[in-house]
Amino acid sequence: MPELPEVETTRRGLAPHLVGRRLETVRVREPRLRWPIPPDFSQLLTGATLMDLRRRAKYLLFDLRTPGGGSGTLIAHLGMSGSLRLVPPETPLLTHDHVQFAFAGAPELRLNDPRRFGSLHFTSGPADGHFLLAELGPEPLDPAFDGAYLFARSRGRRAPVKAFIMDAHVVVGVGNIYAAEALFRAGIRPSRPAGRIAAARYDLLAAAIRAVLEEALTMGGTTLRDFVASDGRPGYFKQSLAVYGRGGESCRRCGGELEGARLGQRATVFCPTCQR
DNA sequence: ACTGGATCCTGACTGC
DNA sequence: TGCAGTCAGGATCCAG
């Protein structure tokens, strides 16, 4: 499911209900996620107060103050199929509801993740130093991310530009859907070696990445199958997709046939006329 | 340092 | 209706 717009949509949905609340109980029903949830997870979190809910890359960071006055962060990733929803506590459990978080005076927060590629970590140190976050590249919506940065980072790299911009060490939050869409908007063929693209074209690409993510965000993300926001509603960016999932259909710019390919292990669609 | 491939897991879909 | 095969939004680990 979730790329940056979907994670941010989830964050915005959860924060008003949960920030400032005290976590009364944590129930782990299925600990076998991408990394196993440790046995003392519930105990570490119980009684803590949520001070802030942030996002870094595709991670949700729940900043907590523990009863003893210490601080820590719950680091959550939704993997490919995860969702965090707020529901009335008496709501029957769904298949794959793996963890329940009961905050005082708030709906119950439930993590549902059929494929279990998501993860939950707790760290008592500064969250940014955690091994999951330490090596990440810049946020694409941050002013520090621009064409000059991409150009500099890409010199000497022969990997396809699509793989390059999906590499979280280069820039975070750009998954398969938005990579394909941004490359279409920038007129760049996904298979082109990253190191063989001129600076001016990277200006276009950086702007396209930012624009496509911001547009998706205003529409609540993209729902292909699984994704739902914290209130259970889907995202509506799917109808705006120009290439993703449209192999064999006609290009909205030139009318030609969009071409499907596999790049790495990922399905890719592009317009052979508009993207060079 | 980079690159491509395999891998974790379940569910939806396709074709026979 | 059933069954086998294919594919899926992510990110890590490994060998070369």
Partners passing side chain to side chain donor-acceptor pair (under 3.5 Å) against [X] (at least two apart in sequence or in another chain):
X        : answer
A:Tyr236 : none
A:Ser230 : none
A:Arg115 : none
A:Glu257 : none

*State plainly whether the residues A:Arg54 and A:Asp63 are in salt-bridge range, i.e. N to O under 4.0 Å.*
yes
*Does a salt bridge link A:Asp167 with A:Arg157, judged by any charged N lying under 4.0 Å from a carboxylate O?*
yes
Under 3.5 Å, side chain of [X] to main-chain N/O of [Y], donor-acceptor pair present?
X        : Y        : value
A:Arg21  : A:Leu23  : no
A:Glu139 : A:Ala57  : yes
A:Glu3   : A:Pro5   : no
A:Gln275 : A:Leu183 : yes
A:Arg155 : A:Gly195 : yes

*asked:* Whole angstroms only, please: what is the NZ-C1' distance between A:Lys58 and C:dA11?
replied: 8 Å
*Can you tell me how far P of C:dG10 sits from CZ of A:Arg56, to the nearest Å?*
17 Å
_Along DNA chain B, first and last positions that approach a heavy atom of chain A under 4.0 Å_ = B:dT3 to B:dA12
*Which heavy atom in A:Ala127 sits nearest to a heavy atom in A:Leu133, and how many Å separate them?*
O-CD1, 3.1 Å
*Over all heavy atoms of both residues, which pair between A:Leu18 and A:Leu86 is shortest? Give the atoms and the distance, please.*
CD2-CD2, 4.0 Å
_For C:dA11 and A:His77 - does any side-chain N or O of the residue sit under 4.0 Å from the phosphate oxygens OP1/OP2?_
yes
*Return the set of residues passing ring-ring contact (aromatic ring centres under 6.0 Å, His included) with A:His130 (not counting sequence neighbours), or none when no residue passes.*
A:His121
Between protein and nucleic acid, restricted to nucleotides 12-16 of chain C and to nitrogen or oxygen atoms under 3.5 Å apart, what atom pairs and distances do you find?
from: C:dT12; atom 1: O4'; to: A:Arg34; atom 2: NH2; distance (Å): 3.0

_Taking only the P atom of each, what is the distance from C:dT6 to B:dA6 in whole angstrom?_
14 Å
_Please report the distance separating the P of B:dG5 from the corresponding atom of C:dC7, rounded so that it comes out in whole Å._
15 Å
*If you look only at pairs with a residue in residues 173-197 of chain A, which of them pass as a side chain to side chain donor-acceptor pair (under 3.5 Å), with sequence neighbours excluded?*
A:Glu6-A:Tyr178, A:Lys162-A:Asn176, A:Tyr178-A:Thr222, A:Arg185-A:Glu215
*Dot-bracket, DNA chain C: Watson-Crick or G-U, under 3.5 angstrom, [ ] crossing, | other strand?*
.|||||||.|||||||
*Strand-adjacent residues in residues 262-272 of chain A, judged by heavy atoms under 4.0 Å from DNA chain C*: A:Arg262, A:Arg266, A:Ala267
*Under 4.0 Å between any heavy atoms, over every strand shown, what does A:Tyr178 touch: base, sugar-phosphate, or nothing? Just pick one.*
nothing
*Co-members of the apolar cluster containing A:Val269 [side chain, <4.5 Å]*: A:Phe184, A:Val243, A:Leu258
*What parts of residues 112-122 of chain A reach DNA chain B, counting only heavy atoms under 4.0 Å away?*
A:Pro114, A:Arg115, A:Arg116, A:Phe117
